[in-house]
Amino acid sequence: MPELPEVEVTRLSFAQAIQGAVVMAVTMGKPLRWPLGCDVAFLTGCRVLGVGRRGKYLLIELDQGWLLVHLGMSGSLRFAKQLPPVGIHDHFEMVTTQGILRLNDPRRFGAVVYVQSLTDALAVKLLGQLGMEPLSESFDLKLFASGLRQRKTTIKQVLMAGDLVVGVGNIYASEALFMAAIRPTVSAADLSRIRVVRLHAAIKDVLARAVEKGGSTLKDFSSANGQAGYFQLEAMVYGRANMPCKRCDSTIQMIRQGQRSTFYCPVCQKH
DNA sequence: AGAAAATCCTGGTGGC
DNA sequence: TGCCACCAGGATTTTC
C-alpha cells in the first residue's frame, strides 16, 4: 500500500530519467478515481520539467501545467524505454522521447489529474488540506505538539488523517507508535511532552529508513524501475498479529480503529 | 460550524 | 469449482 516512502521511492526511481522528456502520446484505460481533466491530445508536445512530491501525491511538472498522480492503494508506476504489452490493469500511459511512463492499478483507487496550476481549485482541494511533510524541515515539533493537543481522537487516527502530518499510512503509523512506545489507542490530546518528542522523532526515523529500504512490498509494490522494497522485513508489529514481539516476546495484538487494523505490543507500548 | 465517524469505490484472496 | 465475506487508502458524506 503506497504510503510516503513508496511514493518517494517511486519518485526517486524515475525523476531524473524523465526530466526534459517531451510527451509524444497519452492513452488511458479504465476510469480511475477522477477524470484526467484535459484532453489526452493536449498533453502531446508538453515537456516534463521535473517530478516532485507532496504527501502521497507525485507532482509531474510540465511546461504547460501539472499532472498530479496518486497511487491509491494498489497503484504502481513504471518508467522504461520499453515495457511489456499493455495489461488489463494498466490505466494510464504516457509515451515520451525518453521512455514510457505507465500506471498499473488493479483497484483503480489511484488517479492522474491535470491542472494548469497548483493554485487551481482542484489542486487546492486535493493538496490544500495536507499536513506537514515529515521528512522536511517543515515538520516542526511545536506545531506537531499543539496540533495533537487540539484533537479529540486517538493518536493512531490522527496520524492516519493526514491533516497534521502527511504520508503516514497504516503500516508506518503502527511502526512509528511502536518505536515511540506509545499505545495506538491513547488520546492524542493526552500524550505527555516526552511522548510527543519521541513520536516526532520516530515518524521521521521510520519513514527515512523505509525510503532507504526501497519502501515496503506487501503484495506487488515496486518502484518505477521495477525494484521491490524490503522494509516489510523490518516491521516490528505491522502484519504480525499473534506473533511474538521482536523486542520482548509478548504476543502482538491486532485491533480495529476506524475500520482499520492496528498492530501493537501490549508490553512495549503501555500508554 | 467543525470535528469525528461512517461510507464508498474495486478486485484479489482465502475459507468453505 | 464457485461463492462470498473480507480487506485496503482516503475523499466524500453523514452524524454528532
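In what follows, chains are A, B, ... by sequence order, proteins preceding strands, each numbered from 1.
Of all non-hydrogen atoms in A:R195 and A:A181, the two that sit nearest each other are NE-O, 4.4 Å.
Map A:I88 and A:G258 each onto its nearest nucleotide of DNA chain B; the residue landing nearer the 5' end is A:G258. Each of A:Q259 and A:Q150 lies near DNA chain B, and the nucleotide nearest A:Q150 is the one positioned closer to the 5' end.
Judged purely by atom type and a 3.5 angstrom limit, A:Q129 has no side-chain atom pairing as donor or acceptor with the backbone of A:L127. For the pair A:D120 (side chain) and A:Q116 (backbone), a donor-acceptor distance under 3.5 Å is present. Put simply, the side chain of A:R256 gets close to the backbone of A:Q259: a donor and an acceptor are under 3.5 Å apart.
Sorted by first and then second residue, the side-chain hydrogen bond (donor to acceptor under 3.5 Å, both in side chains) pairs with a member in residues 49-63 of chain A read A:E8-A:R53, A:R53-A:E133, A:R54-A:E133; sequence neighbours excluded.
Regarding contacts with the backbone of C:dG10, every side-chain N or O of A:R108 stays at 4.0 angstrom or more from both OP1 and OP2. Here A:H89 reaches the OP1 or OP2 of B:dG12: one of its side-chain N or O atoms lies under 4.0 Å away. For the pair A:K152 and B:dA5, the criterion of a side-chain N or O lying under 4.0 Å from OP1 or OP2 is not met. For A:T153, a side-chain nitrogen or oxygen approaches OP1 or OP2 of B:dA5 to under 4.0 Å.
Summarising the geometry, the separation between CG on A:L71 and P on C:dA8 is reported as 18 Å, rounded to the nearest angstrom. Atom-to-atom, CZ of A:R107 to C1' of C:dC6 comes out at 11 Å; the value is rounded to the nearest Å. Distance CG (A:N104) to C1' (B:dG12): 13 Å, rounded to an integer number of Å. B:dA4 atom P lies 12 Å from atom CG of A:L148, rounded to whole Å. With rounding to whole Å, A:H70 atom NE2 is found 5 Å from C:dG10 atom P. The CE-C1' distance, from A:M160 to B:dA6, rounds to 15 Å in whole Å. The distance between atom CG of A:L103 and atom C1' of B:dT10, rounded to the nearest whole Å, is 14 Å. Between A:M73 atom CE and C:dA11 atom P the separation is 14 Å, expressed in whole Å.
Taking only side-chain atoms of A:K56, from C-beta outward, the nucleotide of C:dG10, C:dA8, C:dA11 with the closest atom is C:dG10. Of the candidates C:dT12, B:dT10, C:dA8, C:dA8 carries the atom nearest the A:S261 side chain, counting heavy atoms from C-beta on. Side chain of A:Y57, nearest nucleotide from C:dA11, B:dG11, B:dA5: C:dA11.
Put simply, A:F109 does not rest on the base of B:dT10: the two rings are not both less than 5.5 Å apart at their centres and under 30° in tilt.
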Note to self: Between A:N242 and A:I252, is the side-chain contact (heavy atoms from CB on, under 4.5 Å) condition met? List the steps.
What the structure shows: CA-CA 5 Å; A:N242 300 317; A:I252 300 297; over 6 Å; no
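Legend: residues meeting salt bridge (Lys or Arg N to Asp or Glu O under 4.0 Å) with A:D190, ordered by chain and number and at least two apart, are absent.
Between A:F139 and A:F144, the ring planes are perpendicular. Angles over 60° get that label, and only those under 30° would be called parallel.
Residue contacts for A:R33: at a heavy-atom cut-off of 4.0 Å it reaches a base atom on one of the strands shown.
Summary for the helix from B:dG2-C:dC16 to B:dC16-C:dG2: the axes at its two ends, each from 5 pairs, differ by 50° when rounded to the nearest 10 degrees.
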